[in-house]
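Scroll down for the structure; my scribbles are underneath it.
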Amino acid sequence: MTATAAKKLQPATTPARPAATILTLPVQTRPGTGRLADMARGAGANLLPPLVVLVMLIGLWEVLCSSPTSSLPPPSQVVTDTWELIIHPFYDNGGNDKGMGWQLLASLQRVALGYLLAAVAGIGLGVLVGQSSLAMRGLDPIFQVLRTVPPLAWLPLSLAAFRDGEPSAIFVIFITAIWPIIINTAVGIRNIPSDYRNVARVLRLNGFEYFAKIMLPAAAPYIFTGLRIGIGLSWLAIVAAEMLIGGVGIGFFIWDAWNSSLISDIILALIYVGIVGFVLDRIVAFIGNRVTRGTAAS
Amino acid sequence: MANHYLSIEGIGKTFTRDRAATEVLRDVTLGVEKGEYISIIGHSGCGKSTLLNIVAGLTPSTVGAVLLDGKAVDEPGPDRAVVFQNHSLLPWLTVYENVALAVDKVFGATKSAAERAEWTKYNLDLVHMGHARDKRPSEISGGMKQRVGIARALSMEPKVLLLDEPFGALDALTRAHLQDQVMQIHATLGNTVLMITHDVDEAVLLSDRIVMMTNGPAARIGEVLDVPLERPRNRIALASDRTYLRSREAVLKFLYERHRFVEAAE
(Lines give C-alpha, C1' and ligand atoms only; values in the text may rest on other atoms or scores of the structure.)
Protein backbone atom coordinates (compact mmCIF):
# COMPACT_ATOMS: atom_id res chain seq x y z
CA MET A 1 0.00 0.00 0.00
CA THR A 2 2.80 2.35 0.91
CA ALA A 3 4.39 1.64 -2.47
CA THR A 4 1.29 2.67 -4.43
CA ALA A 5 0.98 5.84 -2.44
CA ALA A 6 4.62 6.67 -2.90
CA LYS A 7 4.22 6.49 -6.66
CA LYS A 8 1.46 9.05 -6.60
CA LEU A 9 3.14 11.23 -4.03
CA GLN A 10 6.79 12.13 -4.08
CA PRO A 11 7.69 11.84 -0.40
CA ALA A 12 9.54 14.96 0.68
CA THR A 13 10.78 13.25 3.77
CA THR A 14 11.70 9.63 4.23
CA PRO A 15 10.59 8.98 7.82
CA ALA A 16 7.08 8.27 6.49
CA ARG A 17 7.89 4.62 5.95
CA PRO A 18 9.33 3.42 9.27
CA ALA A 19 6.84 5.50 11.24
CA ALA A 20 3.99 3.89 9.36
CA THR A 21 5.21 0.43 10.27
CA ILE A 22 5.49 1.37 13.90
CA LEU A 23 1.92 2.63 13.92
CA THR A 24 0.52 -0.60 12.52
CA LEU A 25 -1.26 -2.40 15.31
CA PRO A 26 -0.89 -6.18 15.49
CA VAL A 27 -4.62 -6.68 15.88
CA GLN A 28 -6.19 -9.88 17.12
CA THR A 29 -4.61 -12.72 15.25
CA ARG A 30 -5.91 -15.53 17.41
CA PRO A 31 -4.18 -18.83 16.85
CA GLY A 32 -6.71 -21.19 15.30
CA THR A 33 -5.51 -24.26 17.23
CA GLY A 34 -5.95 -23.04 20.79
CA ARG A 35 -9.41 -21.68 20.14
CA LEU A 36 -11.38 -24.87 20.63
CA ALA A 37 -9.52 -25.68 23.84
CA ASP A 38 -10.15 -22.12 25.05
CA MET A 39 -13.85 -22.45 24.36
CA ALA A 40 -14.05 -25.76 26.20
CA ARG A 41 -12.24 -24.29 29.18
CA GLY A 42 -14.49 -21.21 29.12
CA ALA A 43 -17.64 -23.33 28.94
CA GLY A 44 -16.43 -25.47 31.84
CA ALA A 45 -15.71 -22.40 33.96
CA ASN A 46 -19.09 -20.87 33.13
CA LEU A 47 -21.27 -23.98 33.31
CA LEU A 48 -19.81 -25.84 36.25
CA PRO A 49 -20.71 -23.42 39.10
CA PRO A 50 -24.41 -23.07 38.14
CA LEU A 51 -24.68 -26.85 37.66
CA VAL A 52 -23.26 -27.51 41.12
CA VAL A 53 -25.63 -24.96 42.68
CA LEU A 54 -28.56 -26.45 40.75
CA VAL A 55 -27.83 -29.97 41.99
CA MET A 56 -27.54 -28.68 45.55
CA LEU A 57 -30.84 -26.78 45.34
CA ILE A 58 -32.69 -29.78 43.89
CA GLY A 59 -31.22 -31.96 46.64
CA LEU A 60 -32.39 -29.50 49.29
CA TRP A 61 -35.87 -29.34 47.73
CA GLU A 62 -36.04 -33.16 47.66
CA VAL A 63 -35.14 -33.33 51.35
CA LEU A 64 -37.54 -30.57 52.44
CA CYS A 65 -40.56 -31.87 50.50
CA SER A 66 -40.10 -35.61 50.92
CA SER A 67 -42.20 -35.85 54.10
CA PRO A 68 -45.73 -37.15 53.40
CA THR A 69 -47.29 -34.09 55.06
CA SER A 70 -45.54 -31.68 52.70
CA SER A 71 -47.91 -29.45 50.68
CA LEU A 72 -45.55 -29.31 47.68
CA PRO A 73 -44.21 -32.33 45.78
CA PRO A 74 -40.46 -33.10 45.77
CA PRO A 75 -38.65 -33.01 42.40
CA SER A 76 -38.74 -36.80 41.97
CA GLN A 77 -42.53 -36.65 42.36
CA VAL A 78 -42.74 -33.76 39.87
CA VAL A 79 -40.87 -35.75 37.23
CA THR A 80 -43.00 -38.88 37.63
CA ASP A 81 -46.24 -36.83 37.67
CA THR A 82 -45.40 -34.84 34.57
CA TRP A 83 -43.46 -37.49 32.63
CA GLU A 84 -46.21 -37.75 30.01
CA LEU A 85 -46.13 -33.97 29.48
CA ILE A 86 -42.34 -33.94 29.25
CA ILE A 87 -42.02 -36.70 26.65
CA HIS A 88 -45.03 -35.58 24.56
CA PRO A 89 -44.60 -31.82 24.20
CA PHE A 90 -46.66 -31.66 21.00
CA TYR A 91 -49.73 -33.86 21.60
CA ASP A 92 -53.08 -32.35 20.68
CA ASN A 93 -56.35 -33.72 22.07
CA GLY A 94 -58.34 -30.72 20.86
CA GLY A 95 -59.56 -27.76 22.89
CA ASN A 96 -57.17 -26.64 25.59
CA ASP A 97 -55.75 -30.14 26.03
CA LYS A 98 -52.54 -29.59 24.13
CA GLY A 99 -48.86 -30.36 24.82
CA MET A 100 -46.56 -27.89 26.58
CA GLY A 101 -44.88 -27.09 23.25
CA TRP A 102 -48.15 -25.84 21.79
CA GLN A 103 -48.98 -23.90 24.94
CA LEU A 104 -45.62 -22.15 24.86
CA LEU A 105 -45.86 -21.50 21.12
CA ALA A 106 -49.29 -19.91 21.56
CA SER A 107 -47.87 -17.59 24.21
CA LEU A 108 -44.79 -16.85 22.12
CA GLN A 109 -46.97 -15.98 19.15
CA ARG A 110 -48.88 -13.37 21.18
CA VAL A 111 -45.63 -11.99 22.56
CA ALA A 112 -44.07 -11.86 19.10
CA LEU A 113 -46.93 -9.85 17.67
CA GLY A 114 -47.32 -7.46 20.61
CA TYR A 115 -43.57 -7.03 20.99
CA LEU A 116 -42.95 -6.36 17.29
CA LEU A 117 -45.66 -3.70 17.27
CA ALA A 118 -44.12 -2.21 20.43
CA ALA A 119 -40.62 -2.25 18.88
CA VAL A 120 -41.74 -0.43 15.72
CA ALA A 121 -43.94 2.10 17.50
CA GLY A 122 -41.50 2.49 20.39
CA ILE A 123 -38.48 3.22 18.19
CA GLY A 124 -40.59 5.59 16.09
CA LEU A 125 -41.87 7.52 19.10
CA GLY A 126 -38.44 7.40 20.73
CA VAL A 127 -36.86 8.97 17.65
CA LEU A 128 -39.54 11.68 17.66
CA VAL A 129 -39.08 12.47 21.34
CA GLY A 130 -35.29 12.32 21.05
CA GLN A 131 -35.12 14.54 17.99
CA SER A 132 -37.65 17.26 18.78
CA SER A 133 -37.56 19.06 22.09
CA LEU A 134 -41.12 20.21 21.45
CA ALA A 135 -42.32 16.60 21.13
CA MET A 136 -40.36 15.74 24.24
CA ARG A 137 -41.93 18.49 26.29
CA GLY A 138 -45.37 17.44 25.08
CA LEU A 139 -45.08 13.67 25.31
CA ASP A 140 -42.52 12.87 27.98
CA PRO A 141 -44.69 13.72 31.04
CA ILE A 142 -47.51 11.60 29.63
CA PHE A 143 -45.14 8.69 29.00
CA GLN A 144 -43.74 8.97 32.51
CA VAL A 145 -47.22 8.66 34.00
CA LEU A 146 -48.49 5.91 31.68
CA ARG A 147 -45.43 3.72 32.07
CA THR A 148 -46.08 3.27 35.78
CA VAL A 149 -49.51 1.68 35.12
CA PRO A 150 -49.14 -2.06 35.82
CA PRO A 151 -49.58 -4.19 32.67
CA LEU A 152 -52.59 -6.12 33.95
CA ALA A 153 -54.44 -2.91 34.78
CA TRP A 154 -54.74 -2.35 31.02
CA LEU A 155 -56.44 -5.70 30.47
CA PRO A 156 -60.04 -4.83 31.52
CA LEU A 157 -59.88 -1.65 29.46
CA SER A 158 -58.60 -3.46 26.38
CA LEU A 159 -61.19 -6.22 26.82
CA ALA A 160 -63.82 -3.50 26.85
CA ALA A 161 -62.35 -1.95 23.73
CA PHE A 162 -61.62 -5.08 21.67
CA ARG A 163 -64.38 -7.34 23.08
CA ASP A 164 -62.09 -10.33 22.56
CA GLY A 165 -59.31 -11.96 24.57
CA GLU A 166 -56.75 -12.43 21.80
CA PRO A 167 -56.22 -8.78 20.72
CA SER A 168 -56.47 -7.72 24.36
CA ALA A 169 -53.58 -9.96 25.36
CA ILE A 170 -51.54 -8.63 22.44
CA PHE A 171 -52.38 -5.08 23.45
CA VAL A 172 -51.23 -5.75 27.01
CA ILE A 173 -47.88 -7.00 25.66
CA PHE A 174 -47.62 -3.96 23.42
CA ILE A 175 -48.35 -1.44 26.16
CA THR A 176 -45.97 -3.23 28.56
CA ALA A 177 -43.01 -3.42 26.22
CA ILE A 178 -43.30 0.00 24.57
CA TRP A 179 -42.20 2.30 27.44
CA PRO A 180 -38.63 1.11 27.96
CA ILE A 181 -38.18 1.05 24.17
CA ILE A 182 -39.42 4.65 23.79
CA ILE A 183 -37.42 5.99 26.71
CA ASN A 184 -34.14 4.27 25.84
CA THR A 185 -34.39 5.18 22.15
CA ALA A 186 -35.01 8.82 23.06
CA VAL A 187 -32.00 8.88 25.39
CA GLY A 188 -29.86 7.27 22.69
CA ILE A 189 -30.93 9.82 20.09
CA ARG A 190 -30.31 12.70 22.47
CA ASN A 191 -26.83 11.38 23.28
CA ILE A 192 -25.61 11.26 19.68
CA PRO A 193 -22.32 13.23 19.77
CA SER A 194 -22.59 16.58 18.03
CA ASP A 195 -19.53 15.55 15.98
CA TYR A 196 -21.58 12.93 14.16
CA ARG A 197 -24.25 15.53 13.44
CA ASN A 198 -21.57 17.87 12.12
CA VAL A 199 -20.18 15.15 9.85
CA ALA A 200 -23.69 14.59 8.52
CA ARG A 201 -24.16 18.33 7.97
CA VAL A 202 -20.86 18.73 6.11
CA LEU A 203 -21.82 15.78 3.90
CA ARG A 204 -25.32 17.22 3.50
CA LEU A 205 -26.98 13.91 4.33
CA ASN A 206 -30.72 14.23 3.87
CA GLY A 207 -33.21 13.30 6.58
CA PHE A 208 -33.52 9.67 5.57
CA GLU A 209 -29.77 9.16 5.09
CA TYR A 210 -29.13 10.77 8.48
CA PHE A 211 -31.72 8.50 10.08
CA ALA A 212 -30.37 5.29 8.52
CA LYS A 213 -26.63 5.98 8.49
CA ILE A 214 -26.00 8.05 11.60
CA MET A 215 -28.96 8.08 13.95
CA LEU A 216 -29.89 4.39 14.10
CA PRO A 217 -26.35 3.02 14.38
CA ALA A 218 -25.33 5.69 16.89
CA ALA A 219 -28.36 5.06 19.09
CA ALA A 220 -28.37 1.28 18.56
CA PRO A 221 -26.80 0.35 21.92
CA TYR A 222 -29.49 2.32 23.74
CA ILE A 223 -32.27 0.99 21.50
CA PHE A 224 -31.20 -2.57 22.22
CA THR A 225 -31.12 -1.90 25.95
CA GLY A 226 -34.76 -0.84 25.63
CA LEU A 227 -35.62 -3.83 23.45
CA ARG A 228 -34.04 -6.19 25.96
CA ILE A 229 -35.96 -4.75 28.90
CA GLY A 230 -39.09 -4.82 26.72
CA ILE A 231 -38.86 -8.52 25.86
CA GLY A 232 -38.42 -9.40 29.53
CA LEU A 233 -41.46 -7.38 30.55
CA SER A 234 -43.53 -8.85 27.68
CA TRP A 235 -42.86 -12.36 28.87
CA LEU A 236 -43.70 -11.37 32.44
CA ALA A 237 -46.99 -9.83 31.31
CA ILE A 238 -48.17 -12.58 28.96
CA VAL A 239 -48.32 -15.26 31.65
CA ALA A 240 -50.43 -13.06 33.86
CA ALA A 241 -52.66 -11.88 31.02
CA GLU A 242 -53.29 -15.41 29.78
CA MET A 243 -54.40 -16.51 33.22
CA LEU A 244 -57.27 -14.08 32.85
CA ILE A 245 -58.18 -14.43 29.17
CA GLY A 246 -58.03 -18.25 29.03
CA GLY A 247 -57.56 -20.33 25.87
CA VAL A 248 -54.34 -22.01 24.77
CA GLY A 249 -51.24 -20.51 26.35
CA ILE A 250 -48.78 -21.24 29.13
CA GLY A 251 -50.41 -18.72 31.48
CA PHE A 252 -53.83 -20.35 31.33
CA PHE A 253 -52.17 -23.77 31.50
CA ILE A 254 -50.79 -22.80 34.92
CA TRP A 255 -54.14 -21.46 36.10
CA ASP A 256 -55.91 -24.54 34.81
CA ALA A 257 -53.42 -26.79 36.60
CA TRP A 258 -54.01 -24.89 39.84
CA ASN A 259 -57.77 -25.36 39.48
CA SER A 260 -57.21 -29.11 38.97
CA SER A 261 -54.70 -29.19 41.86
CA LEU A 262 -51.93 -30.47 39.53
CA ILE A 263 -49.08 -28.85 41.46
CA SER A 264 -46.43 -30.82 39.55
CA ASP A 265 -47.75 -29.43 36.24
CA ILE A 266 -47.45 -25.91 37.62
CA ILE A 267 -43.84 -26.51 38.62
CA LEU A 268 -42.99 -27.93 35.19
CA ALA A 269 -44.67 -24.93 33.52
CA LEU A 270 -42.74 -22.49 35.68
CA ILE A 271 -39.47 -24.13 34.67
CA TYR A 272 -40.43 -23.85 30.99
CA VAL A 273 -41.51 -20.21 31.43
CA GLY A 274 -38.19 -19.41 33.05
CA ILE A 275 -36.16 -21.11 30.34
CA VAL A 276 -38.11 -19.48 27.51
CA GLY A 277 -37.78 -16.05 29.14
CA PHE A 278 -34.05 -16.58 29.50
CA VAL A 279 -33.71 -17.67 25.86
CA LEU A 280 -35.74 -14.67 24.63
CA ASP A 281 -33.51 -12.30 26.60
CA ARG A 282 -30.38 -13.95 25.21
CA ILE A 283 -31.67 -13.80 21.63
CA VAL A 284 -32.28 -10.04 21.85
CA ALA A 285 -28.92 -9.54 23.57
CA PHE A 286 -27.17 -11.59 20.89
CA ILE A 287 -28.75 -9.61 18.06
CA GLY A 288 -27.88 -6.41 19.91
CA ASN A 289 -24.25 -7.45 20.29
CA ARG A 290 -23.97 -8.30 16.63
CA VAL A 291 -25.60 -5.09 15.46
CA THR A 292 -23.76 -2.72 17.81
CA ARG A 293 -20.36 -4.41 17.60
CA GLY A 294 -18.64 -1.28 16.37
CA THR A 295 -20.59 1.38 18.22
CA ALA A 296 -20.19 -0.02 21.69
CA ALA A 297 -16.45 -0.50 21.21
CA SER A 298 -15.69 3.19 21.01
CA MET B 1 -11.91 42.62 -1.96
CA ALA B 2 -14.30 40.04 -3.33
CA ASN B 3 -11.69 38.73 -5.75
CA HIS B 4 -10.07 36.46 -3.17
CA TYR B 5 -10.76 32.74 -3.54
CA LEU B 6 -12.05 32.61 0.02
CA SER B 7 -12.98 35.86 1.65
CA ILE B 8 -14.10 36.33 5.21
CA GLU B 9 -15.69 39.76 5.38
CA GLY B 10 -16.44 41.62 8.58
CA ILE B 11 -17.42 38.54 10.53
CA GLY B 12 -18.73 39.09 14.04
CA LYS B 13 -20.25 36.56 16.36
CA THR B 14 -22.17 37.10 19.56
CA PHE B 15 -23.48 34.17 21.53
CA THR B 16 -26.59 34.85 23.57
CA ARG B 17 -27.52 32.60 26.42
CA ASP B 18 -30.07 33.41 29.12
CA ARG B 19 -30.12 37.04 28.02
CA ALA B 20 -26.36 37.33 28.61
CA ALA B 21 -24.57 38.18 25.37
CA THR B 22 -20.93 37.25 24.82
CA GLU B 23 -19.18 38.80 21.87
CA VAL B 24 -16.67 36.24 20.64
CA LEU B 25 -15.49 37.68 17.34
CA ARG B 26 -15.51 41.27 16.10
CA ASP B 27 -14.97 42.43 12.55
CA VAL B 28 -12.77 39.60 11.28
CA THR B 29 -11.75 40.14 7.66
CA LEU B 30 -9.39 37.86 5.79
CA GLY B 31 -8.73 37.00 2.14
CA VAL B 32 -7.29 33.63 1.19
CA GLU B 33 -5.89 32.81 -2.26
CA LYS B 34 -6.29 29.49 -4.02
CA GLY B 35 -3.66 26.98 -2.89
CA GLU B 36 -2.66 28.98 0.15
CA TYR B 37 -2.01 27.36 3.51
CA ILE B 38 -3.25 29.63 6.28
CA SER B 39 -2.89 28.99 10.00
CA ILE B 40 -4.99 30.73 12.60
CA ILE B 41 -3.27 30.89 15.97
CA GLY B 42 -4.31 32.35 19.29
CA HIS B 43 -4.76 31.54 22.95
CA SER B 44 -7.59 29.25 23.92
CA GLY B 45 -10.94 31.00 24.07
CA CYS B 46 -10.05 33.50 21.36
CA GLY B 47 -12.78 32.24 19.06
CA LYS B 48 -10.57 30.61 16.44
CA SER B 49 -12.68 27.47 16.42
CA THR B 50 -15.81 29.60 16.15
CA LEU B 51 -14.29 31.31 13.12
CA LEU B 52 -13.57 27.96 11.49
CA ASN B 53 -17.10 26.76 12.22
CA ILE B 54 -18.49 29.90 10.62
CA VAL B 55 -16.44 29.26 7.47
CA ALA B 56 -17.62 25.64 7.55
CA GLY B 57 -21.20 26.89 7.84
CA LEU B 58 -21.76 24.90 11.04
CA THR B 59 -22.22 28.07 13.09
CA PRO B 60 -24.04 31.07 11.62
CA SER B 61 -22.26 34.42 11.98
CA THR B 62 -24.02 37.34 13.64
CA VAL B 63 -22.73 39.90 11.14
CA GLY B 64 -20.55 39.69 8.05
CA ALA B 65 -20.30 37.14 5.26
CA VAL B 66 -18.07 34.36 3.98
CA LEU B 67 -17.58 34.08 0.22
CA LEU B 68 -16.01 31.03 -1.37
CA ASP B 69 -15.24 31.11 -5.08
CA GLY B 70 -17.71 33.96 -5.52
CA LYS B 71 -20.57 32.31 -3.65
CA ALA B 72 -21.86 33.16 -0.19
CA VAL B 73 -21.57 30.42 2.41
CA ASP B 74 -24.65 29.93 4.55
CA GLU B 75 -24.75 26.20 5.27
CA PRO B 76 -22.25 23.35 5.67
CA GLY B 77 -21.17 21.54 2.54
CA PRO B 78 -18.55 19.17 1.18
CA ASP B 79 -16.79 22.04 -0.64
CA ARG B 80 -15.54 23.06 2.84
CA ALA B 81 -14.57 19.70 4.31
CA VAL B 82 -13.67 19.78 7.98
CA VAL B 83 -11.10 17.63 9.76
CA PHE B 84 -12.36 17.67 13.34
CA GLN B 85 -10.01 17.78 16.30
CA ASN B 86 -11.16 14.42 17.63
CA HIS B 87 -11.33 12.76 14.19
CA SER B 88 -15.12 12.15 14.38
CA LEU B 89 -14.99 8.85 12.55
CA LEU B 90 -18.16 6.81 12.78
CA PRO B 91 -17.20 3.90 15.05
CA TRP B 92 -19.58 1.38 13.52
CA LEU B 93 -18.03 1.74 10.06
CA THR B 94 -14.65 0.45 8.94
CA VAL B 95 -11.92 2.81 7.83
CA TYR B 96 -12.87 2.20 4.22
CA GLU B 97 -16.59 2.65 4.86
CA ASN B 98 -15.98 5.93 6.66
CA VAL B 99 -14.32 7.39 3.60
CA ALA B 100 -16.74 5.65 1.23
CA LEU B 101 -19.69 7.28 3.03
CA ALA B 102 -18.33 10.68 2.03
CA VAL B 103 -17.33 9.61 -1.49
CA ASP B 104 -20.67 7.96 -2.21
CA LYS B 105 -22.59 10.99 -0.97
CA VAL B 106 -20.52 13.61 -2.78
CA PHE B 107 -19.88 11.75 -6.04
CA GLY B 108 -22.93 9.45 -6.06
CA ALA B 109 -24.36 11.21 -9.08
CA THR B 110 -21.20 11.93 -11.03
CA LYS B 111 -18.99 8.84 -10.63
CA SER B 112 -19.70 5.16 -11.24
CA ALA B 113 -19.52 2.68 -8.37
CA ALA B 114 -16.14 1.40 -9.59
CA GLU B 115 -14.76 4.93 -9.88
CA ARG B 116 -15.96 5.74 -6.39
CA ALA B 117 -14.32 2.61 -4.97
CA GLU B 118 -11.09 3.53 -6.75
CA TRP B 119 -11.29 7.10 -5.45
CA THR B 120 -11.90 5.92 -1.88
CA LYS B 121 -8.89 3.63 -2.12
CA TYR B 122 -6.76 6.39 -3.65
CA ASN B 123 -7.50 8.74 -0.75
CA LEU B 124 -6.71 6.09 1.84
CA ASP B 125 -3.41 5.39 0.09
CA LEU B 126 -2.71 9.12 0.07
CA VAL B 127 -2.60 9.09 3.90
CA HIS B 128 -0.90 5.64 3.95
CA MET B 129 -3.93 3.95 5.47
CA GLY B 130 -4.69 1.49 2.68
CA HIS B 131 -3.37 -1.38 4.82
CA ALA B 132 -6.00 -0.84 7.53
CA ARG B 133 -9.05 -0.39 5.33
CA ASP B 134 -11.12 -3.10 7.03
CA LYS B 135 -10.30 -2.09 10.59
CA ARG B 136 -12.72 -0.20 12.77
CA PRO B 137 -11.72 3.12 14.36
CA SER B 138 -11.46 1.48 17.79
CA GLU B 139 -8.76 -0.84 16.45
CA ILE B 140 -6.37 1.85 15.21
CA SER B 141 -4.25 4.47 16.94
CA GLY B 142 -5.12 8.14 17.38
CA GLY B 143 -2.72 9.23 14.64
CA MET B 144 -4.20 6.70 12.22
CA LYS B 145 -7.73 7.86 13.04
CA GLN B 146 -6.75 11.42 12.26
CA ARG B 147 -5.21 10.29 8.95
CA VAL B 148 -8.49 8.62 8.04
CA GLY B 149 -10.27 11.84 9.00
CA ILE B 150 -7.97 13.71 6.62
CA ALA B 151 -8.59 11.13 3.89
CA ARG B 152 -12.33 11.53 4.34
CA ALA B 153 -12.05 15.31 4.06
CA LEU B 154 -9.73 15.12 1.01
CA SER B 155 -12.01 12.62 -0.71
CA MET B 156 -14.74 15.27 -0.94
CA GLU B 157 -12.42 17.32 -3.19
CA PRO B 158 -13.11 20.41 -1.11
CA LYS B 159 -12.41 23.88 -2.42
CA VAL B 160 -11.00 24.67 0.99
CA LEU B 161 -9.87 22.19 3.60
CA LEU B 162 -10.67 23.24 7.18
CA LEU B 163 -8.46 21.70 9.87
CA ASP B 164 -9.58 22.24 13.46
CA GLU B 165 -6.47 21.62 15.59
CA PRO B 166 -6.01 18.39 13.68
CA PHE B 167 -2.87 17.29 15.51
CA GLY B 168 -3.76 18.68 18.94
CA ALA B 169 -4.61 15.34 20.54
CA LEU B 170 -1.53 13.51 19.24
CA ASP B 171 1.87 12.92 20.77
CA ALA B 172 4.78 14.97 19.44
CA LEU B 173 6.33 12.27 17.22
CA THR B 174 3.04 11.24 15.61
CA ARG B 175 2.22 14.90 15.15
CA ALA B 176 5.48 15.59 13.31
CA HIS B 177 4.88 12.60 11.08
CA LEU B 178 1.38 13.76 10.21
CA GLN B 179 2.54 17.33 9.58
CA ASP B 180 5.01 15.96 7.03
CA GLN B 181 2.25 13.99 5.35
CA VAL B 182 -0.03 17.02 5.22
CA MET B 183 2.81 19.03 3.64
CA GLN B 184 3.28 16.32 1.00
CA ILE B 185 -0.43 16.22 0.24
CA HIS B 186 -0.57 20.01 0.05
CA ALA B 187 2.38 19.96 -2.35
CA THR B 188 0.74 17.30 -4.52
CA LEU B 189 -2.85 18.47 -4.63
CA GLY B 190 -2.39 22.21 -4.04
CA ASN B 191 -5.34 22.45 -1.65
CA THR B 192 -6.42 25.67 -0.06
CA VAL B 193 -6.13 25.06 3.66
CA LEU B 194 -7.36 26.91 6.73
CA MET B 195 -5.91 25.39 9.90
CA ILE B 196 -6.58 26.22 13.53
CA THR B 197 -3.61 25.59 15.80
CA HIS B 198 -2.09 26.60 19.10
CA ASP B 199 1.34 25.26 18.20
CA VAL B 200 3.78 27.94 17.05
CA ASP B 201 6.21 25.55 15.34
CA GLU B 202 3.41 23.83 13.51
CA ALA B 203 2.05 27.14 12.26
CA VAL B 204 5.46 28.32 10.96
CA LEU B 205 6.37 24.98 9.43
CA LEU B 206 3.16 24.48 7.47
CA SER B 207 1.81 27.90 6.63
CA ASP B 208 2.20 30.48 3.91
CA ARG B 209 0.62 33.00 6.23
CA ILE B 210 -0.13 32.97 9.95
CA VAL B 211 -3.18 34.80 11.22
CA MET B 212 -2.71 35.80 14.86
CA MET B 213 -5.84 36.41 16.90
CA THR B 214 -6.07 38.74 19.89
CA ASN B 215 -7.58 37.48 23.11
CA GLY B 216 -11.32 37.30 23.54
CA PRO B 217 -13.92 38.46 24.25
CA ALA B 218 -14.45 40.28 20.97
CA ALA B 219 -11.32 38.77 19.43
CA ARG B 220 -9.95 40.32 16.25
CA ILE B 221 -7.15 39.51 13.85
CA GLY B 222 -4.16 41.10 15.54
CA GLU B 223 -1.55 40.54 12.87
CA VAL B 224 -0.99 38.50 9.73
CA LEU B 225 2.53 37.17 9.27
CA ASP B 226 3.95 36.06 5.92
CA VAL B 227 6.19 33.00 6.12
CA PRO B 228 8.49 33.39 3.11
CA LEU B 229 10.02 29.89 3.27
CA GLU B 230 10.68 27.81 0.17
CA ARG B 231 8.74 24.59 -0.30
CA PRO B 232 9.26 21.72 0.13
CA ARG B 233 10.19 22.45 3.71
CA ASN B 234 12.29 20.17 5.83
CA ARG B 235 11.88 20.45 9.57
CA ILE B 236 15.49 19.53 10.30
CA ALA B 237 16.99 22.04 7.86
CA LEU B 238 14.57 24.71 9.10
CA ALA B 239 15.55 24.25 12.73
CA SER B 240 18.50 26.58 12.17
CA ASP B 241 17.06 28.61 9.27
CA ARG B 242 17.08 32.36 9.99
CA THR B 243 13.76 33.13 8.29
CA TYR B 244 12.14 30.28 10.19
CA LEU B 245 13.54 31.47 13.50
CA ARG B 246 12.51 35.07 12.80
CA SER B 247 8.96 34.02 11.94
CA ARG B 248 8.79 31.86 15.01
CA GLU B 249 10.03 34.71 17.16
CA ALA B 250 7.45 37.08 15.69
CA VAL B 251 4.60 34.73 16.55
CA LEU B 252 5.96 34.07 20.03
CA LYS B 253 6.31 37.80 20.68
CA PHE B 254 2.76 38.40 19.55
CA LEU B 255 1.37 35.64 21.73
CA TYR B 256 3.45 36.09 24.86
CA GLU B 257 4.37 39.78 24.95
CA ARG B 258 1.65 41.79 23.32
CA HIS B 259 -1.32 39.49 23.80
CA ARG B 260 -0.57 37.44 26.84
CA PHE B 261 -3.24 35.02 27.84
CA VAL B 262 -5.20 36.55 30.71
CA GLU B 263 -7.08 33.90 32.55
CA ALA B 264 -10.72 34.63 33.39
CA ALA B 265 -10.81 38.19 32.12
CA GLU B 266 -14.28 38.72 33.51
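Any value given below was found using the heavy atoms of this structure, including those in side chains, with hydrogens, waters and symmetry copies removed. Quick note on labels: first sequence line is chain A, next is B, and so on, each numbered from 1.
With respect to chain A, the highest number of heavy-atom pairs below 4.5 Å among Met156(B), Glu75(B), Met183(B) belongs to Glu75(B).
Counting heavy-atom neighbours within 6.0 Å of Gln131(A) CD, excluding the residue itself, gives a total above 12.
Of the two parts of Ala56(B), neither the backbone nor the side chain holds a non-hydrogen atom closer than 4.5 Å to a non-hydrogen atom of chain A. Looking at Pro137(B), neither its backbone nor its side chain comes within 4.5 Å of chain A, counting heavy atoms on both sides. Of the atoms belonging to Asn53(B), not a single heavy atom falls under 4.5 Å from chain A. Looking at Arg80(B), both its backbone and its side chain come within 4.5 Å of chain A, counting heavy atoms on both sides.
Shown here for Tyr196(A) and Leu89(B), the closest heavy-atom pair between the two residues is CE2-O, 3.8 Å.
Residues of residues 201-213 of chain A lying within less than 4.5 angstrom of chain B, judged on heavy atoms, are Arg201(A), Val202(A), Leu203(A), Arg204(A), Leu205(A), Asn206(A), Glu209(A), Lys213(A) in numerical order.
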Item to check | Criterion side-chain contact (heavy atoms from CB on, under 4.5 Å) on Asn198(A) and Val82(B), from CA distance to verdict | outcome: CA-CA 9 Å; Asn198(A) 284 342; Val82(B) 186; over 6 Å; no
